[in-house]
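Below: the structure, in structure tokens.
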Protein chains: 2
Amino acid sequence: MTTKPSTDRRIKYTKMVLRESLIALLERKPIERITIKEICDDADINRATFYAHYADQYDLLRQIEEDLYTNISVSLSQLSQDPANPNTLKQAENIFDYLRDNARITRLLLSDRGDFSFQKRVMRLVYDLITTQLRVTKSLSAADAEYVYAFTITGCVGIVQRWLDDDMRKSSKVMAKMVIGMTIGLIQSLKADSFIE
Amino acid sequence: MTTKPSTDRRIKYTKMVLRESLIALLERKPIERITIKEICDDADINRATFYAHYADQYDLLRQIEEDLYTNISVSLSQLSQDPANPNTLKQAENIFDYLRDNARITRLLLSDRGDFSFQKRVMRLVYDLITTQLRVTKSLSAADAEYVYAFTITGCVGIVQRWLDDDMRKSSKVMAKMVIGMTIGLIQSLKADSFIE
DNA sequence: ACAATAACACAACACAGTGTTGATTAAGGA
DNA sequence: TCCTTAATCAACACTGTGTTGTGTTATTGT
């Protein structure tokens with residue numbers, strides 16, 4: 001029996017080329033116009049083999065997303081445990097660095113055309129880390145918090161998209177400052193006057 | 001010759017049932033799993049007729065989106081010209097009322113699964129009206145404004161989605177207050193400390 | 001190094017949906 | 001009413017789908 005089911009180099013290769021093939025195609029057209037046959041032809045993989053690993057194009061894309069998600073998640077948790085990195089600002093900055101370093105995949109998954117639900121998941125990851133470190137969440141009522149939360153998360157998605165569209169011209173440091181500044185600003189504006197009737 | 005090309009009742013009927021059919025299907029499954037044949041069968045319209053009006057499912061959906069967009073746009077411009085409605089808050093409240101009144105279509109197009117680009121377009125519409133009336137935009141530097149803009153627009157998308165998920169439990173008034181309050185809060189937080197290096 | 005295992009390729013399959021055509025029928029507008 | 005135009009119908013070739021069984025080859029653990 002195999003302890004790790006996907007150590008097999010053949011599997012690794014197959015998944016890798018299929019992934020690469022879909023990514024290349026996604027840079028040229030939206031997922032709904034990409035066929036499984038197309039992906040397989042480009043990757044030089046038999047279609048039957050594709051079905052052995054994925055249900056369809058969307059399933060393959062989902063697994064690519066998961067990859068990015070866990071990568072970000074890992075580098076986040078590494079950062080927050082690193083005693084040399086006690087600074088929240090620095091951590092946020094590192095995330096932007098990470099996005100820049102992985103610009104190709106980032107542009108696909110996090111830009112305008114990417115899956116919005118996935119993008120929110122990513123931002124939630126970052127947001128939770130920032131706010132728990134800043135210890136600001138508890139100062140909000142539970143009812144309002146939900147909505148501020150929703151607003152901020154999606155707001156972050158928007159600002160990252162803007163950054164990508166702008167060819168990441170602004171430095172990671174500036175972006176980090178901006179996002180944290182706005183997050184804090186939002187929470188404080190809410191504390192100032194309650195929206196409850 | 002016909003002055004308006006789509007006055008013909010037959011065309012109106014065809015488009016209407018096709019629209020209705022797609023909307024009904026969208027309530028059960030995502031667009032990528034809906035076929036043209038399926039739409040036509042449900043609407044009892046010949047497939048050849050479908051192709052006379054639309055390129056594919058996505059084209060039909062786009063036209064449904066345009067419909068909602070122009071409807072919101074019209075009711076917005078009506079409100080802003082109404083001298084009995086000088087209040088920005090009241091106008092924002094009316095938008096939430098409109099969304100509630102059209103809950104069925106709103107849930108499809110503006111919720112989590114809807115097209116994000118479209119959602120941003122809608123929010124931009126509302127945001128522009130609010131900010132020009134509040135006369136707050138000019139107090140920002142052009143460079144920063146772009147990013148605050150992106151953040152706020154998408155933030156609004158998020159908060160509306162949260163509201164829909166929450167079955168529109170909060171009143172339109174509360175929502176309007178919240179959105180405007182957060183928008184102002186964001187802009188002021190930016191004025192307080194510049195993010196520029 | 002060897003044998004067992006598992007992944008992949010290949011070909012073939014029935015099937016469903018696509019997009020287009022030309023002829024026919026029916027309804028609309030002036 | 002008469003002319004126009006939309007919709008229907010049937011048929012078309014075509015592309016992609018999802019699945020199957022068989023044979024081949026690479027990988028892994030002993």
Side-chain angles (χ1 to χ4, degrees), chain A residues 1-67 108 113 115, chain B residues 1-67 108 113 115:
Chain A
M1 62 177 157
T2 45
T3 40
K4 289 171 188 174
S6 60
T7 327
D8 198 315
R9 292 173 206 164
R10 289 170 298 179
I11 298 182
K12 277 186 179 174
Y13 173 78
T14 302
K15 290 194 170 184
M16 193 255 285
V17 286
L18 285 176
R19 226 170 269 227
E20 217 28 66
S21 169
L22 177 56
I23 290 173
L25 285 168
L26 277 173
E27 284 171 340
R28 292 197 285 104
K29 50 176 155 179
I31 181 106
E32 62 262 20
R33 303 203 50 208
I34 298 173
T35 65
I36 295 172
K37 185 183 186 310
E38 210 173 357
I39 298 170
C40 294
D41 285 352
D42 279 23
D44 197 30
I45 293 289
N46 194 278
R47 233 174 67 253
T49 309
F50 180 96
Y51 286 111
H53 296 290
Y54 309 101
D56 51 30
Q57 319 98 291
Y58 302 96
D59 189 32
L60 173 54
L61 177 58
R62 219 172 300 132
Q63 298 205 25
I64 295 175
E65 287 178 346
E66 284 319 300
D67 250 36
L108 275 184
R113 287 183 178 178
D115 173 27
Chain B
M1 63 178 156
T2 45
T3 40
K4 289 171 188 173
S6 61
T7 330
D8 197 316
R9 292 173 208 164
R10 289 170 298 181
I11 298 182
K12 277 186 179 175
Y13 173 79
T14 301
K15 289 194 169 183
M16 194 254 286
V17 286
L18 284 175
R19 227 170 267 227
E20 216 29 65
S21 169
L22 177 57
I23 290 173
L25 285 167
L26 277 172
E27 283 171 340
R28 292 196 285 105
K29 52 175 149 177
I31 182 104
E32 63 262 22
R33 302 203 50 209
I34 298 174
T35 64
I36 295 173
K37 185 184 186 312
E38 210 173 358
I39 299 170
C40 293
D41 285 352
D42 280 22
D44 197 30
I45 293 290
N46 194 279
R47 233 175 67 252
T49 309
F50 180 96
Y51 286 111
H53 296 291
Y54 309 102
D56 51 29
Q57 318 97 293
Y58 302 96
D59 189 32
L60 172 55
L61 177 58
R62 220 171 298 131
Q63 297 204 24
I64 295 175
E65 287 178 346
E66 284 318 300
D67 250 36
L108 276 184
R113 288 183 178 179
D115 172 29

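So you know, we letter chains A, B, ... as the sequences are listed, proteins then strands, and number each from 1.
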Taking [atom1] from [X] and [atom2] from [N], how many angstroms apart are they, rounded to a whole number?
X	N	atom1	atom2	result
I11(A)	dT5(C)	CD1	P	16 Å
R33(A)	dG16(D)	CZ	P	12 Å
L18(B)	dA6(D)	CG	C1'	13 Å
D8(B)	dA30(C)	CG	C1'	13 Å
K37(A)	dA11(C)	NZ	P	13 Å

message: At less than 4.0 Å, is any side-chain N or O atom of R9(A) found next to OP1 or OP2 of dT28(D)? Yes or no.
response: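 Answer is yes, contact under 4.0 Å.
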message: Is there a side-chain contact between T14(A) and the phosphate of dA7(C), meaning an N or O under 4.0 Å from OP1 or OP2?
response: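 For dA7(C), OP1/OP2 do not have a side-chain N/O of T14(A) under 4.0 Å.
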Of all the heavy-atom pairs spanning [X] and [Y], show the shortest one and how long it is.
X	Y	answer
F50(B)	C40(B)	CB-SG, 3.6 Å
R19(B)	Q63(B)	NH1-O, 4.2 Å
A43(B)	L18(B)	CB-CD2, 4.0 Å
I31(A)	L22(A)	CD1-CD1, 4.2 Å
E65(B)	D115(B)	OE2-CB, 3.4 Å

- prompt: Among residues 39-65 of chain A, which contact DNA chain D at a heavy-atom distance under 4.0 Å?
  reply: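 Heavy-atom contacts with DNA chain D come from R47(A), A48(A), Y51(A).
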- prompt: If you measure from CD1 on I45(A) to OH on Y13(A), what distance do you get to the nearest 0.5 Å?
  reply: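 Spacing of CD1 (I45(A)) from OH (Y13(A)) equals 5.5 Å.
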- prompt: Measuring from I11(A):CD1 to H53(A):NE2, what's the distance to the nearest 0.5 Å?
  reply: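 Between I11(A) CD1 and H53(A) NE2, I get 5.5 Å after rounding to 0.5 Å.
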query: Would you say the side chain of R10(B) and the base of dA27(C) hold a donor-acceptor pair, judged only by whether the two atoms sit under 3.5 Å apart?
result: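 Flag set: donor-acceptor pair detected.
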message: Output the pairing pattern of DNA chain D as a dot-bracket string, 5' first, Watson-Crick or G-U wobble with both distances under 3.5 Å, | for cross-strand pairs, [ ] for crossing pairs.
response: |||||||||||.|||||.||||||||||||
query: With a 4.5 Å limit on heavy-atom distance, are the side chains of I23(A) and L108(A) in contact?
result: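 Answer yes - side chains close enough.
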- prompt: Among pairs that include at least one residue of residues 21-38 of chain B, which meet side chain to side chain donor-acceptor pair (under 3.5 Å), considering only residues two or more places apart or in two chains?
  reply: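 Every side chain to side chain donor-acceptor pair (under 3.5 Å) pair that includes a residue of residues 21-38 of chain B, provided the two are not neighbours, is E27(B)-R104(B), K29(B)-E38(B), K37(B)-D41(B).
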